[in-house]
Every structure is written in structure tokens, then in C-alpha cells.
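All residue numbers refer to positions in the sequence shown, counting from 1. Note that the structure is a prediction, hence the values are computed from the model and not measured.
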Amino acid sequence: MNLIAPPAEPQPPQPLLDECRQRRDRLMEKIGQGTAIFNSAPIATMHNDVDYNFRQDSDFFYLTGLVEAQAVAVLAPHHDEHRFILFVQPKDPDKETWSGYRVGVDQAKAYYGADAAYDIGELDAQLPQYLAKADRIYYHMGANQGFNLTVIRHWQSQLRQYHRRGTGPLAIEDARFLLYPLRCVKSPAELVYLNRAMAAGAAAHGRAMEMVRPGLYESQVQTELDYTFRQHFGEGPAYPSIVASGDNACILHYTDNSRQMADGDLLLIDAGCSYGYYNSDITRTFPVGQTFTAEQRILYELVLEAQTQAIAAVQPGQPWNEFHDIAVRVLVDGLVELGLLQGSRDELIEGEKYKPFYMHRTGHWLGLDVHDSGLYKVGEQWLPFQAGQVVTVEPGIYIRRDFKPAEGQPEVPERWLGIGIRIEDDVLVTATGNQVLTVAVPKAVADLEHRF
């Protein structure tokens with residue numbers, strides 16, 4: 001599967017409603033005689049009576065395209081008339097004046113393709129008809145405890161009636177395990193959106209590399225990242241941007257972004273853009289000044305070699321863990337050669353003696369969620385890569401000032417302390433190999449030095 005390149009100029013995202021219909025059809029083939037229920041994301045309070053910008057639940061968005069709170073989607077492939085049902089907030093001009101337009105019941109059918117649509121206040125009255133002939137309910141027990149109890153209450157009501165009519169759901173199963181294999185393999189339309197997210201992320205990282213100088217603050221770099229995301233019609237950052245200079249680069253999820261940068265520092269930027277709900281996830285590490293120090297360059301080139309070899313292992317049919325294992329082997333060999341680890345490679349890996357330097361996995365699925373839906377293994381069996389999957393590849397080395405080596409390992413000389421490096425690209429698995437979607441972001445030493 002090849003990525004479809006977007007037009008040169010950024011464009012605002014358009015709804016993928018035909019795509020949503022196809023997704024529902026594929027899921028309903030798996031549901032069979034079941035009924036699946038999906039709830040919208042809750043509104044989150046920022047402070048007092050001010051809410052955060054609404055972000056729809058990814059599963060709900062994947063199946064409906066509807067970006068609205070207080071909504072429920074029901075898939076009932078066994079129903080005689082209604083296979084796709086939406087419950088939404090009714091139109092209310094007074095409330096819409098304060099908080100924005102609502103889809104409303106009529107438009108939910110006309111625009112989003114629902115076979116039936118109801119006021120969300122009718123959920124209790126209308127849902128039973130879509131459960132009565134189902135053999136099970138597919139629903140993910142998520143963080144919304146109130147709605148979890150609503151689903152359980154309806155299930156218990158169906159169970160009480162089962163002995164009289166002989167039909168009804170006897171079990172609740174997690175809908176995610178039917179949906180995740182679908183979400184994990186990206187369609188051509190999804191890849192267009194992902195590519196736009198990558199382009200916005202690449203432009204933001206490029207702008208950061210242009211502007212970074214000693215004396216600037218991390219927050220100023222973050223501002224440019226956010227601005228560039230918006231200029232490319234992104235919704236904004238895919239996650240809280242990490243702009244970590246000096247010792248801060250050794251904090252994996254550093255988000256204070258407040259330090260003033262100095263000559264001799266490295267700057268680690270882990271930032272991606274959300275475009276049409278699809279996300280990029282990119283990390284680059286480069287000198288704030290003109291050049292790497294000798295120690296910084298040695299470790300940077302080690303991490304880059306680990307990433308290069310790991311990316312090469314992202315191939316269809318290869319087990320998921322292989323690219324991580326390769327990255328670990330490269331890093332361990334390099335740390336042994338530098339005298340920062342001692343012992344045989346196999347013993348160091350088996351005993352996890354490398355983990356004080358490298359404590360996270362080498363990647364994760366990427367899509368509507370930054371850590372996207374999809375299984376990595378079943379039991380003890382790692383699942384193989386498939387064409388259409390998108391994965392991050394992000395090895396690193398982190399040596400904090402208060403670094404504590406693993407038991408039996410040597411102390412780290414001071415000249416290595418305070419160095420944190422991560423390099424991350426987003427990689428599409430193709431039918432014949434892979435495609436690095438973030439190749440536009442420089443990472444060769446020659447491109448990162450003498451930028452000004």
C-alpha cells in the first residue's frame with residue numbers, strides 16, 4: 001500500500017462520511033447477531049464553568065464522523081429496519097446561541113446516514129428494541145461510569161425477560177477487540193489524512209530548527225510549533241509538546257517547556273500535529289548551538305544507527321517485537337564499546353542492565369490516537385506487521401545527572417551526564433517493505449549542525 005501524496009498547499013480536512021459507512025459495514029459483519037453500543041466522549045471541565053475544547057472519542061468518530069457530545073451510536077445488523085442508530089442532542093436555538101450548533105435529530109439521519117435517529121433523552125425508551133433480538137452486547141466499559149451503569153441496567157433488564165421470550169443478549173463483550181483490527185490497518189483515505197498530519201509536523205520541526213538559538217526559551221519554540229500546526233489546518237498539537245533542553249531531555253514526558261536554552265545544550269523536541277483527528281508523532285534532538293559536543297555526537301550517532309536498523313525491520317510479516325529487539329541490541333553493543341555497560345550482550349539484555357539508559361519500547365501504533373488502537377501480541381505470540389499499519393520508531397538514550405547504573409554496572413563518567421537523545425519517525429508498513437512518512441524532517445548530523 002502506497003501513501004497518497006497530498007496537494008502541495010495545506011487544505012482543511014473534509015468529513016470522511018463514506019469511509020465511516022464502510023467501517024460500520026465491516027464492523028457489523030463481525031457483530032453478526034450482536035448489538036454494539038458506542039458513547040461519545042464526555043465534556044471535560046478546564047476550570048469552574050469553562051470547558052476544554054471538545055475532542056470526540058476516537059472509536060465513536062471512526063464509525064460516525066460526528067463531533068458532538070452527549071451522543072450514542074448503536075449498530076444492530078440483525079434489526080429488520082434500523083442497522084445504524086444515532087441518539088443526539090435535539091436542536092435548541094437558545095442553547096446553541098451559547099455553545100454552538102447541534103446536529104439535531106433530522107440532520108443526524110440526512111447527513112450522517114443513520115437509519116433512525118432519536119433525541120438522546122429517548123435512549124432508555126428506544127434502546128431495548130435494538131437489544132431484544134441480539135445474542136450479546138458489544139460495549140467497552142470505559143471511564144464514563146454513569147454510561148457503563150446505563151448499559152448494564154439495560155442488559156439486566158433483557159436478562160430478566162429472556163426466560164419469557166427466549167431471545168436477548170446473554171453476555172457483554174468488549175467492542176474494541178472487534179474494532180481494533182479494523183482501526184489498525186489504514187485505508188488510502190486515512191493515509192491521506194495521516195500524511196497531512198506528517199506534513200504539518202515536519203513543517204513545525206523545520207521551523208523549530210531554523211529558529212533555535214542560545215538564549216531562547218523552550219516556550220518560544222513551543223509557540224512556533226503550535227502556530228505552524230494551525231497554519232497547516234491542524235487542530236493543534238496531537239499531544240502536549242515536549243520541548244526539552246539540557247537535562248530536561250532526560251525526562252521522557254517533560255512538558256514544562258520553560259527553561260532558557262544555552263550553548264552546549266541539546267534540544268529534544270517531541271511534537272506532532274492532529275489533522276482531521278489523525279496524528280503525527282515526531283522527535284528530533286539537535287544542538288542548541290552550532291555543533292554537538294564529542295560525547296553528544298557519539299551517543300546521537302548510536303541512537304541514529306539503532307533507529308536506522310529498527311526501521312529496516314518494519315516489514316510485512318515480521319513479528320512486532322523484532323524492531324525493538326534490534327534497536328536494543330545496537331544500543332547495548334554501542335554502550336559496551338563506550339565502557340558504559342560491561343558484560344556480554346545477551347546477558348545484559350536478559351538481565352535488563354541497559355534499562356537505566358533506555359527504559360521504553362521502540363514504538364507504538366499511530367492513527368486516530370497517538371498511542372493507537374491495536375494489539376501487539378496474543379498470549380506469548382507477537383503479532384506480525386501488516387500492510388497499512390503505521391508505527392512509530394523511537395529509540396533513545398537518557399543519562400540523568402543523578403544516573404544510577406544497574407547492579408554490577410560501572411559508574412558513568414561525568415562527561416556523559418545530562419545527555420538525553422531520542423529520534424522518532426512515523427513509518428507505514430507497505431506490501432513490500434516500509435515507507436518513512438516523516439522523512440522530510442532532517443536527522444543527519446551534517447543537517448543539524450551549523451544551522452545558523
| Which residues pass the side chain to side chain contact (heavy atoms under 4.5 Å, CB included) test with P42, sequence neighbours left out? | none
| request: Evaluate the side-chain proximity of L179 to F38: yes if any heavy-atom separation is below 4.5 Å, no if none is. | output: yes
| message | Between S40 (side chain only) and A71 (backbone N and O only), is there a donor and an acceptor less than 3.5 Å apart? | response | yes
| query | Taking 4.0 angstrom as the limit, do R329 and E322 come out as a salt bridge? | reply | yes
| message | Counting only heavy atoms not in Q22 (residues, nucleotides, ligands), do more than 12 fall under 6.0 Å from its CD? | response | yes
| task | For the residue pair E19 and S187, establish whether any side-chain heavy-atom pair is separated by less than 4.5 Å. | result | yes
| query | Given the rule in the salt bridge (charged side-chain N to carboxylate O under 4.0 Å, His left out) test, do R21 and D25 qualify, once you have shown the distances and angles that lead to the verdict? | reply | CA-CA 6 Å; R21 177 184 53 77; D25 289 345; 3.7 Å; yes
| query | When you look at CG of D402, are more than 12 heavy atoms from neighbouring residues, nucleotides or ligands closer to it than 6.0 Å? | reply | yes
| said: R176 vs D59, test: salt bridge (charged side-chain N to carboxylate O under 4.0 Å, His left out). Steps then yes/no. | reply: CA-CA 8 Å; R176 296 176 302 170; D59 289 341; over 6 Å; no
| query | When you measure from the side chain of R183 to the backbone N and O of Y62, does any donor-acceptor pair fall under 3.5 Å? | reply | no
| task | Return yes if some donor-acceptor pair links the side-chain N/O of Q33 with the main-chain N/O of R136 below 3.5 Å, else return no. | result | no
| query | With a 4.5 Å heavy-atom cut-off, do L266 and F286 have their side chains touching? | reply | no
| query | Does W365 offer a backbone N or O that forms a donor-acceptor pair with the side chain of Q389 under 3.5 Å? | reply | no
| request: Could you tell me whether the side chains of D425 and T438 share a donor-acceptor contact shorter than 3.5 Å? | output: yes
Only distances under 3.5 Å count here; give the side-chain donor-acceptor pairs of residues 235-247 to other protein atoms, sequence neighbours excluded, each with its distance to 0.1 Å.
residue, atom, partner, partner atom, Å
E235, OE1, S274, OG, 2.8
E235, OE1, G276, N, 3.3
E235, OE1, Y277, N, 3.2
E235, OE2, G276, N, 2.7
Y239, OH, D270, OD1, 2.5
Y239, OH, A271, N, 3.1
Y239, OH, G272, N, 3.2
Y239, OH, D281, OD1, 2.8
S245, OG, E218, OE2, 2.7
S245, OG, R259, NH1, 2.7
D247, OD1, R401, NE, 3.1
D247, OD2, R401, NE, 3.2

| Nearest-0.5 Å distance that lies between atom OH in Y358 and atom CZ in R422 | 9.5 Å
| Under 4.5 Å between any side-chain heavy atoms of Y111 and L17, yes or no? | yes
| query | Could you give the distance from OH (Y52) to CE (M46), rounded to the nearest 0.5 Å? | reply | 5.5 Å
| T432 versus Q315, closest heavy-atom pair with distance | O-OE1, 3.7 Å
| said: Checking the side chain of Q290 only, and the main-chain atoms of F452 only, is there a donor and an acceptor separated by less than 3.5 Å? | reply: yes
| Taking all non-hydrogen atoms of both residues, which atom of A310 and which atom of T362 are closest, and how far apart? | CB-CG2, 4.4 Å
| message | So, taking the atom named CG in L383 and the one named SG in C184, what distance separates them when rounded to the nearest 0.5 Å? | response | 9.0 Å
| request: Verify, without hydrogens or angle tests, whether Q307 (side chain) and V393 (backbone) share a donor-acceptor contact under 3.5 angstrom. | output: yes
| task | Can you measure from CD (Q220) to CE (M211) and round to the nearest 0.5 angstrom? | result | 6.0 Å
| request: Take Y139 and N148 through the side chain to side chain donor-acceptor pair (under 3.5 Å) test and state the conclusion after the steps. | output: CA-CA 9 Å; Y139 172 72; N148 291 346; 2.7 Å; yes
| query | Nearest heavy-atom pair of E210 and R213: which atoms, and what distance? | reply | O-NH1, 2.7 Å
| Residue pair A73 / L86: nearest heavy atoms and the distance that separates them | CB-CD2, 3.9 Å
| Heavy-atom donor-acceptor pair, T64 side chain to L66 backbone, under 3.5 Å | yes
| said: Quick check with a 6.0 Å cut-off and a 45 degree axis cone: is R196 positioned over the face of Y278's six-membered ring? | reply: no
| Any donor and acceptor pair, going by atom type alone, linking the side chain of D447 with main-chain N or O of P442 inside 3.5 Å? | no
| query | CD1 of I311 to CZ of F323: how many Å apart, nearest 0.5 Å? | reply | 10.0 Å
| said: What I want to check is whether the side chains of T35 and H78 have a donor and an acceptor closer together than 3.5 Å. | reply: yes
| Atom NE2 of H205 and atom CG of L225: how far apart are they, to the nearest 0.5 Å? | 6.5 Å
| task | Taking all non-hydrogen atoms of both residues into account, name the closest pair between R207 and E224 and its distance. | result | NE-OE1, 3.1 Å
| request: With side-chain contact (heavy atoms from CB on, under 4.5 Å) as the test, would you mind laying out the steps for L437 and Q435 before giving the verdict? | output: CA-CA 6 Å; L437 305 182; Q435 181 179 356; 4.2 Å; yes
| field | Side chain to side chain, D372 and V390, heavy atoms closer than 4.5 Å | value | no
| remark: Result for side chain to side chain contact (heavy atoms under 4.5 Å, CB included) between T285 and one of I269, I421, L299, I419 points to I421
| task | Count the heavy atoms belonging to other residues, nucleotides or ligands that lie under 6.0 Å from CD of E337, then report whether that count exceeds 12. | result | no
| task | If the plane angle is over 60° it's perpendicular, under 30° parallel, otherwise tilted; pick one for Y376 and W320. | result | tilted
| query | Just wondering, are more than 12 heavy atoms of other shown residues or ligands nearer than 6.0 Å to CZ in R451? | reply | yes
| message | Within the 3.5 Å criterion, strictly below it, is a donor on Q309 or E305 matched to an acceptor on the partner's side chain? | response | yes
| said: Determine whether a donor-acceptor pair (N or O, by modelled atom type, separation under 3.5 Å) exists between the side chain of Q260 and the backbone of G215. | reply: yes
| request: Check whether any side-chain N or O of K186 sits under 3.5 Å from a backbone N or O of L366 as a donor-acceptor pair, and report yes or no. | output: yes
| request: Give the minimum heavy-atom separation between S280 and M198, together with the two atoms involved. | output: CB-SD, 3.6 Å
| message | Using the rule ring pair (Phe, Tyr, Trp, His ring centres under 6.0 Å), only one of W416, F403, Y398 pairs with F357; which is it? | response | F403
